[in-house]
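Chain identifiers are assigned alphabetically (A, B, ...) following the order of the sequence lines, protein sequences preceding nucleic acid strands; residue numbering begins at 1 within each chain.
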Amino acid sequence: EAGVAQSPRYKIIEKRQSVAFWCNPISGHATLYWYQQILGQGPKLLIQFQNNGVVDDSQLPKDRFSAERLKGVDSTLKIQPAKLEDSAVYLCASSLQLVTEAFFGQGTRLTVV
Amino acid sequence: TQLLEQSPQFLSIQEGENLTVYCNSSSVFSSLQWYRQEPGEGPVLLVTVVTGGEVKKLKRLTFQFGDARKDSSLHITAAQPGDTGLYLCAGLIQGAQKLVFGQGTRLTINP
């Protein structure tokens, strides 16, 4: 079975620029998560989708971050404008349902300079 | 504020020693998961515990869920260099059904 696919793997941008990340979850998985992992820390949940509806986005900085999950499958996470403190690995994960095992992609490493 | 507190944050021991990593919270979880993360990769699930007091074994790893479903521990017997990595606990918050992670324990096993 194919895993969670994320792109790009690496991205370097200047502060105040925009960036978008893409995630293709495992086929049939209803739940999709975006996490931010700053170096040396555990993943921090940014947003959680169930199909194409948002379950939780309480920690998403909505003034600059946005996310959507088109047709309940692929998802994109956008940052506009980026700040230096946004430098992190952005992980996408999916699970069959809310309470089952989460499978993670390799992540996108973002560096804001 | 970290919902799940892991301790220790860093641990470096010699091959063959035993160790325990703790994951504590004041919140109750529907289930608790342990993941291991290698550099440049996403976390990979090791185990899920669901019932208070539950103990699960995975070869040399023993996982325990607290009776009140607020805490968990991971015990490794006779640690090997291949056990080196970042160990993360993650809890499914009861009622909210969102998966939150601890800050991780970076484990180094020296040959």
Side-chain angles (χ1 to χ4, degrees), chain A residues 1-10 21 23-26 29-51 53-60 88-111, chain B residues 1-11 21-25 27 29-51 56 58 63 69 72 74 85-108:
Chain A
E1 150 181 281
V4 176
Q6 287 189 249
S7 67
R9 283 296 312 273
Y10 306 93
F21 312 128
C23 173
N24 181 235
I26 293 172
H29 280 198
T31 309
L32 186 145
Y33 313 80
W34 281 103
Y35 288 88
Q36 179 193 59
Q37 187 173 26
I38 293 173
L39 188 65
Q41 299 182 16
K44 170 189 165 184
L45 181 65
L46 293 176
I47 190 166
Q48 180 173 327
F49 293 96
Q50 180 69 7
N51 297 308
V54 176
V55 173
D56 187 275
D57 63 357
S58 57
Q59 297 203 83
L60 186 74
V89 175
Y90 290 84
L91 293 164
C92 178
S94 70
S95 61
L96 201 56
Q97 290 296 337
L98 279 171
V99 299
T100 56
E101 174 187 357
F103 293 84
F104 283 82
Q106 290 183 298
T108 295
R109 181 175 296 278
L110 173 68
T111 303
Chain B
T1 304
Q2 195 76 33
L3 197 59
L4 278 165
E5 293 284 346
Q6 283 188 241
S7 61
Q9 290 192 40
F10 301 93
L11 184 59
V21 176
Y22 299 94
C23 177
N24 295 300
S25 177
S27 300
F29 296 96
S30 303
S31 66
L32 200 135
Q33 302 172 355
W34 284 92
Y35 290 79
R36 180 178 158 188
Q37 186 176 22
E38 302 284 356
E41 301 292 330
V44 176
L45 182 72
L46 296 173
V47 77
T48 300
V49 285
V50 178
T51 307
K56 280 192 175 179
L58 189 67
F63 304 85
R69 305 206 317 274
S72 181
L74 157 61
L86 179 67
Y87 289 81
L88 296 158
C89 66
L92 198 62
I93 298 176
Q94 186 168 300
Q97 297 299 71
K98 63 179 184 179
L99 188 64
V100 293
F101 280 78
Q103 74 270 49
T105 294
R106 188 162 299 282
L107 176 64
T108 303

Identify which part of [X] has an atom lying under 4.5 Å from any heavy atom of chain B, answering side chain, backbone, both or neither.
X      : result
A:R9   : side chain
A:E101 : both
A:Q50  : neither
A:A93  : neither

*If you count heavy-atom pairs under 4.5 Å with chain B, which of A:R109, A:Q6, A:K44, A:Q37 comes out on top?*
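Looking at each option in turn, the highest pair count goes to A:Q37.
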*From A:F103 atom CZ to B:L45 atom CG, the distance as rounded to the nearest 0.5 Å*: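 A:F103 atom CZ to B:L45 atom CG measures 7.5 Å (nearest 0.5 Å).
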_Nearest 0.5 Å, please: how far is CG in A:D56 from CD1 in B:I93?_
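Those atoms lie 8.0 Å apart.
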Chain A contact via [X] - which portion, at a heavy-atom distance below 4.5 Å:
X     : answer
B:Q37 : side chain
B:Y35 : side chain
B:L99 : both

_Before you tell me yes or no, could you show the steps for B:L86 and A:Q41 under side chain to side chain contact (heavy atoms under 4.5 Å, CB included), namely the whole-Å CA-CA distance, both residues' side-chain angles and the distance that decides it to 0.1 Å?_
CA-CA 10 Å; B:L86 179 67; A:Q41 299 182 16; over 6 Å; no
*Minimum heavy-atom separation for B:K98 to A:S58, with atom names?*
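Residues B:K98 and A:S58, closest heavy atoms: NZ-OG, 3.4 Å.
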*asked:* With heavy-atom distances below 4.5 Å as the criterion, would you say the side chains of A:L91 and B:P43 are in contact?
replied: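 Touching, per the 4.5 Å side-chain cut-off.
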_B:E41/A:Q106 under side-chain hydrogen bond (donor to acceptor under 3.5 Å, both in side chains): CA gap, chis, key distance, verdict_ = CA-CA 5 Å; B:E41 301 292 330; A:Q106 290 183 298; 3.2 Å; yes
